[in-house]
Amino acid sequence: DKMNTPGHYILNLALLGKTIAPKDHLAIALGAILPDLPIFVFYFVAKFIYKIPEGKIWSEAYYEPVWQNTVALFHSIPVALIGAAIFYRLDYKPGIILCVSLVCHSLLDLPVHHDDAHRHFFPLSNYRFISSFSYWDSNHHGRIVAFIEMALVLGVNPLVLSWLYSSWTQGIIIAIDLFYLFGYFRFYLSTG
């Protein structure tokens with residue numbers, strides 16, 4: 001229920017990794033992934049603990065207020081900005097970078113969510129920006145958006161790989177690339 005989480009990691013690195021946070025790649029990674037963590041926890045609980053059928057997980061259970069509020073809190077731009085201000089006051093740069101990365105995650109999500117739009121201004125507002133585009137729903141240009149997302153992620157790879165000095169972190173980027181290529185060809189091209 002988001003732009004693919006691995007894509008956030010690579011795109012946030014491309015946006016922040018050389019300019020404001022050349023040595024804070026871990027903070028960027030955490031900020032890129034953290035907003036989607038409640039969605040993964042929700043899915044695990046629904047699927048493996050409550051054994052809810054797949055169709056009901058995303059059509060009913062996901063829309064329960066407790067999950068919607070948790071997801072909204074983790075995708076909240078105001079909460080991330082308040083966090084950045086607190087870390088700035090504490091003079092803790094990795095915390096600031098993490099919060100900026102959280103904001104980047106939400107800004108990347110905004111244009112690619114239709115029916116599943118997040119409340120990015122929670123708790124100040126329950127407003128949801130309903131985009132005409134979806135990263136997954138073919139009724140809202142999902143195939144085109146998925147292709148553009150894949151092209152962006154793959155396109156910034158040479159840049160991002162040149163900034164990472166560890167073969168382990170470079171390997172993560174290459175694994176994400178393979179995830180995108182395999183996923184796109186499997187789910188979009190095989191279904192016509």
Side-chain angles (χ1 to χ4, degrees), residues 1-44 67-113 116-129 131 135 148-180:
D1 182 44
K2 65 257 160 239
M3 172 192 263
N4 288 306
T5 304
H8 282 291
Y9 170 58
I10 292 177
L11 294 175
N12 281 16
L13 273 175
L15 290 169
L16 305 173
K18 193 66 170 178
T19 54
I20 66 169
K23 294 182 180 172
D24 292 306
H25 294 156
L26 180 60
I28 294 170
L30 290 173
I33 295 167
L34 195 59
D36 290 339
L37 187 62
I39 298 169
F40 294 120
V41 170
F42 155 75
Y43 183 77
F44 179 83
W67 290 113
Q68 284 295 293
N69 288 337
T70 303
V71 170
L73 186 65
F74 276 68
H75 281 86
S76 172
I77 294 171
V79 169
L81 292 174
I82 290 168
I86 290 169
F87 285 125
Y88 178 79
R89 184 81 171 119
L90 296 172
D91 196 29
Y92 185 63
K93 187 179 176 193
I96 299 167
I97 300 305
L98 181 139
C99 291
V100 171
S101 187
L102 290 168
V103 171
C104 287
H105 177 113
S106 291
L107 293 176
L108 289 168
D109 268 358
L110 271 171
V112 295
H113 284 265
D116 57 351
H118 300 302
R119 291 176 291 161
H120 290 290
F121 305 101
F122 182 83
L124 303 178
S125 169
N126 285 320
Y127 172 77
R128 296 175 194 262
F129 175 72
S131 176
Y135 80 99
I148 292 169
E149 180 185 345
M150 181 184 68
L152 281 172
V153 167
L154 296 176
V156 300
N157 266 290
L159 195 61
V160 170
L161 284 170
S162 72
W163 299 337
L164 300 172
Y165 302 112
S166 152
S167 56
W168 188 80
T169 53
Q170 290 173 339
I172 291 172
I173 301 297
I174 292 167
I176 292 170
D177 295 343
L178 294 173
F179 164 81
Y180 268 90

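Residues take their numbers from the sequence shown, with the count starting at 1. What you see is a predicted model, and the numbers here were worked out from it, not measured in a lab.
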Measuring from [X]:[atom1] to [Y]:[atom2], what's the distance to the nearest 0.5 Å?
| X | Y | atom1 | atom2 | value |
| --- | --- | --- | --- | --- |
| Asp24 | Ile97 | CG | CD1 | 5.5 Å |
| Leu13 | Ser101 | CG | OG | 8.0 Å |
| Thr5 | Ile39 | OG1 | CD1 | 7.0 Å |
| Asn12 | His105 | CG | NE2 | 8.0 Å |
| Ile28 | His8 | CD1 | NE2 | 14.5 Å |
| Tyr180 | Leu154 | OH | CG | 9.0 Å |

- Query: side-chain contact (heavy atoms from CB on, under 4.5 Å) between Phe122 and Val71: does it pass, once the steps are laid out?
  - Reply: CA-CA 10 Å; Phe122 182 83; Val71 170; over 6 Å; no
- Applying side chain to side chain contact (heavy atoms under 4.5 Å, CB included), name anything that partners Leu98, two or more places apart in sequence or on another chain.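 Here the qualifying residues are Ala27, Leu30, Leu102.
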- Task: Using side chain to side chain contact (heavy atoms under 4.5 Å, CB included) as the criterion, list what pairs up with Val156, not counting sequence neighbours.
- Result: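 Result, side chain to side chain contact (heavy atoms under 4.5 Å, CB included) vs Val156: Ile10, Leu11, Ala14, Val160.
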- Can you check whether Val103's main-chain N or O pairs, donor with acceptor, with Ser106's side chain at less than 3.5 Å?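 Side chain of Ser106 to backbone of Val103, a donor-acceptor pair under 3.5 Å: no, none is there.
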- Go through His25 and Leu164 one step at a time and tell me if the side-chain contact (heavy atoms from CB on, under 4.5 Å) criterion holds. CA-CA 9 Å; His25 294 156; Leu164 300 172; 3.3 Å; yes
- Message: If you define the side chain from C-beta out and look only at heavy atoms, does anything of Glu149 sit under 4.5 Å from Val112?
- Response: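 Of all side-chain heavy-atom pairs linking Val112 with Glu149, none is under 4.5 Å.
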- Message: If the condition is salt bridge (Lys or Arg N to Asp or Glu O under 4.0 Å), which residues does Lys18 pass it with, not counting sequence neighbours?
- Response: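 Lys18: no salt bridge (Lys or Arg N to Asp or Glu O under 4.0 Å) contacts found.
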- Item | CA sep, side-chain torsions, deciding dist, call: Ile148, Leu152, side-chain contact (heavy atoms from CB on, under 4.5 Å) | CA-CA 6 Å; Ile148 292 169; Leu152 281 172; 4.2 Å; yes
- Query: With Asp177, which residues qualify under side-chain hydrogen bond (donor to acceptor under 3.5 Å, both in side chains), at least two apart?
  - Reply: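 Once residues adjacent in sequence are excluded, the partners of Asp177 under the side-chain hydrogen bond (donor to acceptor under 3.5 Å, both in side chains) criterion are Asn157.
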- Sequence-distant partners of Arg119, side-chain hydrogen bond (donor to acceptor under 3.5 Å, both in side chains), two or more places apart: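 Arg119 satisfies side-chain hydrogen bond (donor to acceptor under 3.5 Å, both in side chains) with Asn69, Asn126 only.
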Identify the two heavy atoms, one from [X] and one from [Y], that lie closest to each other, and give their separation to 0.1 Å.
| X | Y | result |
| --- | --- | --- |
| Pro158 | Gly155 | CD-O, 3.5 Å |
| Ile96 | Ala84 | CG1-O, 3.9 Å |
| Ser131 | Pro111 | OG-O, 2.7 Å |

- Which is it for Tyr9 and Val153 under the side-chain contact (heavy atoms from CB on, under 4.5 Å) test, yes or no, and what are the steps along the way? CA-CA 9 Å; Tyr9 170 58; Val153 167; over 6 Å; no
- Could you label the plane-to-plane angle of the Phe121 and Tyr127 rings as parallel, tilted or perpendicular, counting under 30° as parallel and over 60° as perpendicular?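 Taking Tyr127 first and then Phe121, their aromatic rings sit tilted (interplane angle of 30° to 60°).
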- Which residues share a ring-ring contact (aromatic ring centres under 6.0 Å, His included) with Phe87, sequence neighbours left out: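 Once residues adjacent in sequence are excluded, the partners of Phe87 under the ring-ring contact (aromatic ring centres under 6.0 Å, His included) criterion are Tyr92.
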